[in-house]
Amino acid sequence: MAFIRATGKHRRTSRPVRTTRHIAGIATLAAGGVVASVASPALAATDEARTQDTGLQHAVVLGDELANHVAAQADAQQAEAETAAAKAKAEAVAKKQAEEAKRRVEAARKAKERAAREAERKRLNTFVAPVADSYVSTSYKASSGLWSSGSHTGIDFHAASGTSVHAVGTGTVVEAGWGGSYGNNIVIKMNDGTYTQYGHLSSLGVSVGQHVTPGQQIGLSGATGNATGPHLHFEARTGADYGSDIDPVAYLHSHGVNV
């Protein structure tokens, strides 16, 4: 025959059964990341109401708080990592920009040095007239009894006494002093192997062995030696000795100087 349960509330399960189930639930939560210490209040509970108030609900609340804390910590770590990455990137960009700026400065410096060397090279290879703003008053090979050879071995530039006389190009002084009929004279061996001579000077401004450059003042014009008045006698030669003269006008023209 069938048994019929008495009417009214169902009987609650025995305490050992409830306790076992509660412990199992707490263990599951603990395995999911909730601290094991939350099981202690549940084990100490003595009735169903106390179990419900301080057991699972408390554990769930603590689990949520812990999850939020872990998430916040992860966000903070991610933000810190992103900040560090951004800083590293900024430093790399700044370093690259600094290196590029340094390269540009170095390139500009080298370009400036090259330009200066080129300008100096051009200057040293440039020829100028021995007397500025003057003209040829006596031509090359002009005939006269004034010259021992019977003809003019150079050209004369009109120049008042004391006019600045310049080296026509780059070279080295091989003679500076009295030159007989040339009076005070200077002879320069040019860089191309030719020689130039400057005669009848009133004073000398260079000495033997001195290096001179185009346009450098080497003396002042005058009328010393065999001269009828102040002027500059200019010669161009293939050698240092008298008699190796060449046309001074053609010589200057070949170096870009019009007289």
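From a predicted model like this one, the values you see are computed outputs, not experimental measurements. Just so you know, these numbers use all the heavy atoms, side chains as well, and skip hydrogens, waters and symmetry mates. Each residue takes its place number in the sequence, starting with 1.
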For Pro230 and Ser161 the tightest heavy-atom approach is CB-N, 3.7 Å
Glu80 atom CD, neighbour heavy-atom count above 12 within 6.0 Å: no
Quick one: pull up OG in Ser203 and CG in Leu220 and give me the separation to the nearest 0.5 Å. 3.5 Å
Under a 4.5 Å cut-off applied to non-hydrogen side-chain atoms, are Val259 and Val257 in contact? yes
For the pair Tyr198 and Val168, evaluate side-chain contact (heavy atoms from CB on, under 4.5 Å) and give the outcome as yes or no after the intermediate values. CA-CA 10 Å; Tyr198 313 78; Val168 296; 3.5 Å; yes
With the side chain counted from C-beta on, respond yes when Arg237 and Thr196 share a heavy-atom pair under 4.5 Å apart, and no when they do not. no
Flag the pair Gln216 / Val206 as yes when at least one side-chain heavy-atom distance between them is below 4.5 Å, and no otherwise. yes
Do other residues, nucleotides or ligands put more than 12 heavy atoms under 6.0 Å from Asp75 CG? yes
Examine the side chains of Ser164 and His166 and answer whether a donor and an acceptor come within less than 3.5 Å of each other. yes
Within a strict 4.5 Å, meaning less than it, do heavy atoms of the Leu252 and Val128 side chains meet? no
Would you please say whether a donor-acceptor pair under 3.5 Å links the side chains of Asp192 and His255? yes
Any heavy-atom pair between the side chains of Ile155 and Thr138 that's under 4.5 Å? no
Can you list the steps and then say if Arg123 with Glu120 is a salt bridge (Lys or Arg N to Asp or Glu O under 4.0 Å)? CA-CA 5 Å; Arg123 186 185 75 83; Glu120 181 65 6; 2.9 Å; yes
Atom pair NE2 (His231) and OG (Ser137), whose distance is rounded to the nearest 0.5 Å: 6.5 Å
State, yes or no, whether a side-chain contact exists between Val174 and Ile188 at a heavy-atom distance under 4.5 Å. no
Nearest heavy-atom neighbours spanning Leu204 and Gly177: CD1-N, 3.5 Å
Carefully, step by step, assess Asp156 and Phe234 under the rule side-chain contact (heavy atoms from CB on, under 4.5 Å). CA-CA 6 Å; Asp156 291 342; Phe234 176 76; over 6 Å; no
Quick one: do Glu91 and Lys95 satisfy side-chain contact (heavy atoms from CB on, under 4.5 Å)? Show the steps, please. CA-CA 6 Å; Glu91 290 175 348; Lys95 182 178 180 181; over 6 Å; no
Roughly how far, to the nearest 0.5 Å, is the CD atom of Glu175 from the NZ atom of Lys189? 14.5 Å
Nearest-0.5 Å distance that lies between atom OG1 in Thr238 and atom OH in Tyr251: 11.0 Å
Look at the side chain of Asn184 and the backbone N and O of Leu201, then say whether any donor-acceptor pair between them is shorter than 3.5 Å. yes
Are His69 and Glu65 packed together at the side-chain level, in the sense that at least one heavy-atom pair is separated by less than 4.5 angstrom? no
Under the criterion ring-ring contact (aromatic ring centres under 6.0 Å, His included), I'd like the reasoning laid out for His233 against Tyr182: C-alpha separation, chi angles, the key distance, then a yes or no. CA-CA 8 Å; His233 176 82; Tyr182 289 103; 5.4 Å; yes
From Glu235 CD over to Tyr242 OH, what is the distance, rounded to the nearest 0.5 angstrom? 7.5 Å
Between the side chain of Ser202 and the main-chain N/O of Ser221, is any donor-acceptor distance below 3.5 Å? yes
Backbone N or O of Ala160 within a donor-acceptor pair of the Thr163 side chain at under 3.5 Å? yes
Shortest non-hydrogen separation from Thr224 to Trp178 and the atoms involved: CB-CZ3, 4.1 Å
Do NZ/NE/NH1/NH2 and the carboxylate oxygens of Arg109 and Glu106 come within less than 4.0 Å? yes
Carboxylate-amine/guanidinium contact Glu100 Arg103, below 4.0 Å: yes
Mutual orientation of the aromatic rings belonging to Tyr135 and His158 [parallel < 30°, tilted 30-60°, perpendicular > 60°]: parallel
Could you check if a side-chain atom of His211 sits within less than 4.5 angstrom of a side-chain atom of Thr170, using non-hydrogen atoms only? yes
Approximate separation, where rounding is to 0.5 Å, of His200 NE2 and Leu232 CG: 8.5 Å
Count I, L, V, M, F, W, Y as connected when their side-chain heavy atoms are under 4.5 Å apart, and connections chain through other members. Are Phe157 and Val187 then in the same cluster? no
If you measure from the Lys or Arg side-chain nitrogens to the Asp or Glu carboxylate oxygens, is any gap between Arg121 and Glu118 under 4.0 Å? yes
Side-chain donor-acceptor pair under 3.5 Å between Tyr195 and Asp241, yes or no? no
Backbone N or O of Lys122 within a donor-acceptor pair of the Thr126 side chain at under 3.5 Å? yes
Do side-chain atoms of Thr83 reach the backbone of Ala79 as a donor and acceptor pair under 3.5 angstrom? yes
